[in-house]
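Remember, it's 1-based here, ligands and their atoms both numbered in the order they're listed. Only a predicted model underlies this, so the values are computations on that prediction, with no experimental measurement involved.
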Amino acid sequence: MNAPAAQPHVPASPHVMNTYGRVPIALSHGQGCRVWDTNGKAYLDALAGIAVNTLGHNHPRLVPALQDQIAKIIHTCNYYHVPGQEELAKKLVELSGMTNVFFCSTGLEANEAVLKLARKFGHDKGIDNPQIVVYERAFHGRSIATLSATGNEKIQKGFGPLVPGFIRVPLNDIEALKKATEGNPNVVAVFFETIQGEGGINPMRIEYLRAVRQLCTERDWLLCIDEVQSGMGRTGKWFAHQWAGIVPDVMALAKGLGSGVPVGAVVAGPRAAHIFQPGNHGTTFGGNPLAMRAGIETIRIMEEDRLLERAAELGDYLMERLRAELGRHPGVREIRGQGLMIGIELARPCGVLINRAAEAGLLISVTADSVIRLLPPLIITRAEIDELLALLLPLVRQFLAEE
Ligand SMILES: Cc1ncc(COP(=O)(O)O)c(C=O)c1O
């Protein structure tokens with residue numbers, strides 16, 4: 001049965017707060033890269049719950065591991081040692097080349113901790129008014145501090161006064177960064193997404209990443225990277241900044257880390273690992289045994305099934321096909337991204353494509369008004385990529401023909 005006609009912004013329920021303009025379907029179950037709605041209609045999932053369902057749905061090794069953990073213990077709280085925290089932290093340290101981890105539950109929480117770490121780094125060296133460099137079009141979350149760091153007025157509107165202490169600069173412009181911070185002794189950190197997700201799949205260039213790393217080292221600033229969306233294998237490396245061969249001082253993770261179970265993490269290197277001391281930061285849910293098991297099993301399965309290689313290889317294939325099919329079309333501005341994090345920027349807003357794709361049996365998102373965003377589970381197969389293209393391309397061509 002087909003989904004009802006598209007009706008964006010219809011409140012889903014009289015009792016749930018109206019914070020999302022939802023696609024008028026409800027998903028009831030999934031298998032691999034396929035999900036079904038409550039009417040039994042099937043969809044190919046090219047969104048993965050916004051870069052969360054790394055292993056797709058109902059994964060045959062993840063689900064029994066989580067069931068086993070639930071039957072043992074779900075939550076204990078951080079008054080006690082949680083062995084899974086040490087195991088997952090050790091793994092993240094090994095994969096990142098950094099040294100210590102703080103666990104939380106979401107992306108904004110990880111970023112909030114990054115901002116606190118950066119400020120305390122400053123205070124510890126006598127800077128009473130620490131300032132953090134952030135970027136145009138950035139997205140770091142919707143708490144008051146993270147929306148203040150976010151570079152999108154729509155997200156900030158109505159929530160002022162914003163948190164002070166941010167200096168905003170354009171992407172990929174090292175001279176602009178130097179100029180904005182010139183002679184300012186209060187700068188403590190630079191904070192960005194390696195590939196901006198919500199801002200429209202905007203990558204930081206490799207030379208820029210290297211130059212910022214060097215500047216941070218020279219000036220004793222912390223290099224803080226938000227890998228919430230671009231991390232956990234999505235681009236074909238564990239963390240997208242690894243394409244530039246750099247190591248940050250602080251890194252935020254969430255989304256794909258728990259393959260659907262809420263897990264966030266702040267990973268710190270030697271310059272930042274000992275800034276927080278008991279009493280400086282905490283969270284009730286962060287690092288609970290279920291969350292840790294989800295993270296440990298997600299990484300184990302990713303390694304066993306070589307999902308990084310798959311993301312890189314199938315991402316290249318998808319990018320090539322998209323560029324070949326749409327790249328020269330006048331209504332298409334640019335097709336960009338890395339691995340399985342791809343944006344197709346059109347010349348005009350294209351939010352209607354979300355509902356049209358759902359009607360056609362495909363889940364996608366549109367971000368920054370005019371960028372079609374593809375973030376499929378990392379278990380996607382080449383045949384499923386072909387299916388994705390077969391569903392998406394006619395919709396985009398039809399949309400472009402309507403101009
Ligand atoms: C780069 C980035 N940082 C932070 C967040 C916020 O994460 P959460 O929604 O888990 O708070 C997001 C969410 O889209 C994100 O893409």
Enquirer: Under 4.0 Å from a heavy atom of L108: give me the atoms of ligand 1 that qualify, with their elements.
Expert: 6 (C), 7 (O), 8 (P), 11 (O)

Enquirer: Looking at E359 and R356, is there a salt bridge between them, counting it only when a charged N and a carboxylate O are closer than 4.0 Å?
Expert: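 No, this pair does not count.
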
Enquirer: Check whether any N or O atom of G141, backbone or side chain, sits under 3.5 Å from an N or O atom of ligand 1, and answer yes or no.
Expert: no

Enquirer: Can K179 and E182 be counted as an ion pair, charged N to O under 4.0 angstrom?
Expert: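 So K179 does not pair with E182 through a salt bridge.
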
Enquirer: Do NZ/NE/NH1/NH2 and the carboxylate oxygens of R382 and D386 come within less than 4.0 Å?
Expert: no

Enquirer: For ligand 1, which atoms, with element, lie under 4.0 Å from some heavy atom of E193?
Expert: 1 (C)

Enquirer: Below a 4.0 angstrom heavy-atom separation, can you tell me which part of N111, side chain or backbone, both or neither, approaches ligand 1?
Expert: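 Only the side chain of N111 comes within reach of ligand 1.
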
Enquirer: Does the protein come close to atom 11 (O) of ligand 1 - that is, does one of its heavy atoms sit below 4.0 Å from that atom?
Expert: yes

Enquirer: To which protein heavy atom is atom 3 (N) of ligand 1 closest, and what is the distance rounded to 0.1 Å?
Expert: D226 OD2, 2.7 Å

Enquirer: Decide, yes or no, whether a salt bridge links R373 with E198 under the criterion of side-chain N to carboxylate O below 4.0 Å.
Expert: yes

Enquirer: Rounded to the nearest 0.5 Å, how far apart are NE2 of H281 and CD of E109?
Expert: 6.5 Å

Enquirer: Considering only heavy atoms of H140, which atoms of ligand 1 have at least one such atom less than 4.0 Å away?
Expert: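 Going through ligand 1 atom by atom, the ones under 4.0 Å from H140 are 3 (N), 4 (C).
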
Enquirer: Taking atom 13 (C) of ligand 1 as the point of reference, which of Q229, E198, K255 owns the nearest heavy atom?
Expert: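 That would be K255.
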
Enquirer: Return a yes/no value for V228: is any of its N or O atoms, backbone included, closer than 3.5 angstrom to an N or O of ligand 1?
Expert: no

Enquirer: For atom 7 (O) of ligand 1, what's the nearest protein heavy atom and its distance?
Expert: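 So the nearest neighbour among protein heavy atoms is G107 CA, 3.3 Å.
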
Enquirer: Taking the side chain as C-beta and beyond, is there a heavy-atom pair between I372 and I342 under 4.5 Å?
Expert: no

Enquirer: Which residues pass the side-chain contact (heavy atoms from CB on, under 4.5 Å) test with E153, sequence neighbours left out?
Expert: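 E153 satisfies side-chain contact (heavy atoms from CB on, under 4.5 Å) with Q156 only.
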
